[in-house]
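Following: one structure in C-alpha cells, then a few remarks.
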Amino acid sequence: MSETPDRQEVVELAKRRGYLYPSFEIYGGASGFWDYGPLGTSLKNEVVDSWREMYVVRHGYEEIETTTVGTEDVYEASGHADGFADVLASCTDCGTFFRADHLVEDHTEVENADGMPKERLGEILAEEGVACPSCGETLDDARVEEFNLMFETNIGPGSARPGYLRPETAQGIFVDFQRLKRYYRGSLPFGVTQVGRAYRNEINPRQGIVRLREFSQAELEYFKKPDDEIDIAPVEDVEVRLYPVDEQEDEDGEPFVTTVGDAVEDGVIDSPTIAYFVGRSQEWYESIGIDPAKLRFRQHLPDERAHYASDCWDGETLTTYGWIEVNGVADRADYDLRKHAEHSGEEMGVFEEYDEAVVREETVADPDMSVLGPEYGGAASRIADALREKARDEPGAFGGDEVNVTVDGEGYTVPVEAAGFERREVRETGENVMPQVIEPSYGLDRIVYSVIEHSYGTDTVEDEERTVLRLPPGVAPFDAAVFPLVSKDGLDEHAREVRDALRDAGLRVKYDDSGSMGRRYRRHDEIGTPLAVTVDYDTKEDGTVTLRDRDTTEQRRVDKNEVAEEVRSVVEGV
RNA sequence: GCACCGGUGGUCUAGUGGUAUGACAAGGGCCUUCCAAGCCCUUAACACGGGUUCGAGUCCCGUCCGGUGCACCA
C-alpha cells in the first residue's frame with residue numbers, strides 16, 4: 001500500500017504546482033468549486049482519454065454530448081424535481097436539520113405530509129407543539145425551507161419557463177433514447193457514454209475537491225434485454241475487494257478479496273453485468289494509478305439506494321478523507337425509460353424479434369352494432385364489451401345459435417350471428433421490451449484527486465528527501481522534461497532541438513534550463529514527469545543523451561534520434 | 001446550517017495599537033560537466049467590508065474561505 005500522505009502537503013503541492021486552484025480565489029472563493037490548473041487539466045484529460053479508450057474504443061459504447069440545462073419536464077419525469085426538493089426544518093436552538101414532512105408524519109396525526117407546502121408544514125409544527133428530536137426544544141419557531149439540490153435557472157426572458165442544471169449526465173442519454181435506439185438500428189444490447197459537468201447545490205460542501213457543487217462525470221448507460229448478461233470471461237480472473245451488504249451488516253464483517261468470476265459464481269454479485277463493470281473498473285483504476293490496496297467495491301445498503309436503483313456497487317478509494325465514493329455501478333432497471341415514457345407519452349420500448357415467430361390461435365368477437373344498438377339501446381355497448389371478453393375467455397359459448405352474457409346482473413341473449421365470433425391465427429414475430437439499464441458512473445474529480453493522493457510520496461535521493469508523484473507514465477501531465485546540462489556552449493540550443501523533435505513526435509514535453517540539474521529533477525519529480533532527457537557535452541560528440549527515470553533516478557544513454565521512441569514506449573507502457 | 005478554532009508575499013513564518021520579519025520558491029544576471037551548491041539584483045502579503053482609535057495585521061461586528069465536531073449528502 002502506498003504511504004498515507006499529509007493532506008495539507010498534497011493540497012499545497014496541487015495548488016502551488018498548478019494542479020488545482022480554488023475557484024474565484026481573488027474574490028474570496030466559494031466552497032464546492034475548484035478549477036484545474038495546467039497540470040490538473042492535463043492529468044484529467046489523460047484520465048478521461050483512458051476512460052474513453054476503455055469504453056468508447058474497446059467496447060464501442062459511443063459517446064454523445066447533451067445539454068447541461070434541462071427543462072422541468074425532464075426532471076419531473078426522472079424524479080429529481082421531487083427527490084431533490086425536500087422541505088427542511090431547522091431547530092433554532094441546536095441547528096439540527098430534519099425533513100419537515102417526516103417530523104409531521106412521525107409526531108402528529110397528520111398523514112401524507114410529503115408534498116405539503118412549506119408554510120403548511122411550518123404551521124403544523126407550531127400548532128402541534130412538535131419537539132426537536134435532537135435537543136427537545138419546541139419547533140414553533142423552526143425555520144422551514146424548501147431546499148432543492150438542483151440549481152435553478154430560467155429559459156428565455158422573464159421567468160416563463162424554469163430550467164435546471166443537470167444533477168447527473170444520465171438523463172441526457174435517456175431523453176435522447178428514441179434517436180439512439182434508431183442509431184443502433186433497434187437492437188439491444190448497446191451502450192452510450194457521456195462525459196461532462198453536472199451540478200448539485202450541496203448544502204454545505206466542505207471536503208475540498210471531494211464534495212463539489214460543479215463536478216465532472218463520466219457515465220455509461222448500458223441498455224439490455226431483461227435476461228441479457230455480459231459475458232464476464234474477459235474479467236473473470238480480475239481480483240476485486242468486495243464489501244457486500246451482508247458483511248456491512250455483520251458486526252465482524254469485513255471486505256474480502258475475490259475474483260469477479262467467483263463473485264458471480266458465489267452469488268455475491270447477483271448480476272453478471274454489474275460484476276463485469278466492477279471488474280473493468282478495477283482494471284482501469286489500477287492502470288491510472290489508484291492503489292489496489294486502497295480500492296474496494298461496496299454494495300449499497302437498501303436504505304441508501306437512490307430512488308431509481310434496485311442494486312448498486314460503489315467503487316471507493318481510501319484517501320485522507322476516508323473511504324470516498326468514486327463510482328457507482330447501479331442497476332437502474334427500466335426506471336428512467338419507463339418514467340420518460342409515462343411523462344412524455346412516447347414509446348420507449350425496443351421491438352425484439354423472437355428467434356421463431358409464435359403462432360397461436362385467438363378467438364375474438366366483433367359485435368354487429370347495427371343489430372345490438374336498436375335491440376338493446378343504452379346497454380348495447382356494454383353488451384358488446386361482454387361479448388368480446390367472453391370470446392376471449394370462453395370461446396365454447398359461441399358454439400350454438402345464441403350466446404348469453406350478463407351485464408350489471410341482467411342476462412341478455414344475443415343471436416350468435418350478431419356477435420361476429422371468429423377463430424383466427426395470429427403470428428407474433430416479437431414483442432416490445434423496455435430495456436434494462438446498468439449504469440457505471442464515475443466521479444472524475446474524485447478519481448483525479450485519488451490518483452494524486454495515491455501517487456504522492458517521499459523518498460531519499462543522495463541523502464536529500466524529495467517529493468515525488470509516482471503517476472503512471474500514461475496519465476502524467478508531461479511525458480518528458482528536456483534539460484541542457486548547462487545553458488551555454490550551445491547545449492541549450494541543442495536541447496531545444498531535442499525538445500522540438502519530441503514535440504513533433506506528438507509527445508508532451510517541458511523544457512527547463514533554470515537552476516541546477518538537481519533542482520530541475522526535483523521540480524519534475526514533484527509534478528510527476530516520468531522521464532528527463534539531458535543534453536550534455538557527449539551529445540555534441542556522439543549524439544547520445546541521458547534518459548533519467550523518475551522513480552529509480554537511474555540514467556542510461558540513448559541516441560538522440562531514438563529518444564522519442566524510448567519515451568513513447570514508456571508512456572504507452574509497451 | 002450550528003458550535004469552536006483559524007486566515008500575513010507562490011509556500012512556510014515573525015509581528016499584544018505606531019507604515020510588516022525572515023526563509024524557501026519564482027524572475028533576471030554571474031557561475032555551473034547530472035540530483036534542491038554559491039554570489040548579486042528583482043518581484044511579491046496583512047481574506048473582504050464596516051466600526052473603535054490621532055493611528056488597526058493587532059481590538060470589536062458582519063461576510064467569505066479553511067480545519068474539527070454535529071447535522072445534511074436523493
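Within every chain, numbering begins at 1; the chains are lettered A, B, ... in the order of the sequence lines, protein sequences first and strands thereafter.
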Report summary line: B:C73 -> Watson-Crick or G-U wobble partner, both distances under 3.5 Å, gives none

Query raised in the report: Any donor-acceptor pair under 3.5 Å joining the side chain of A:R206 to the base of B:U68?
Result: yes

Query raised in the report: With both distances kept under 3.5 Å, what pairs with B:G10, Watson-Crick or G-U wobble?
Result: B:C24

Report task. Decide yes or no, distance alone: a donor-acceptor N/O pair under 3.5 angstrom between the base of B:C48 and the side-chain of A:Y27. Result -> no

Query raised in the report: In the structure shown, which nucleotide is the Watson-Crick or G-U wobble counterpart of B:A47, with both distances under 3.5 Å?
Result: B:U63

Query raised in the report: Given side chains that start at C-beta, do those of A:P255 and A:F297 come closer than 4.5 Å, heavy atoms only?
Result: no

Query raised in the report: Taking N and O atoms by type only, does the side chain of A:Q555 place a donor or acceptor under 3.5 Å from a partner on the base of B:C34?
Result: yes

Query raised in the report: Between the side-chain atoms of A:R548 and the base atoms of B:C35, is any donor-acceptor pair under 3.5 Å?
Result: yes

Query raised in the report: If you look at every strand shown and take non-hydrogen atoms under 4.0 Å, does A:R466 touch a base, only sugar-phosphate, or nothing?
Result: nothing

Query - Nucleotide paired to B:G18 in any strand shown, Watson-Crick or G-U, under 3.5 Å - result: B:C54

Report task. Verify the distance criterion only: is there a donor paired with an acceptor across the side chains of A:N45 and A:S42 at less than 3.5 Å? Result -> no

Query raised in the report: Is a donor-acceptor pair below 3.5 Å formed from side chain A:T546 to base B:C34, judging by atom type as modelled?
Result: yes

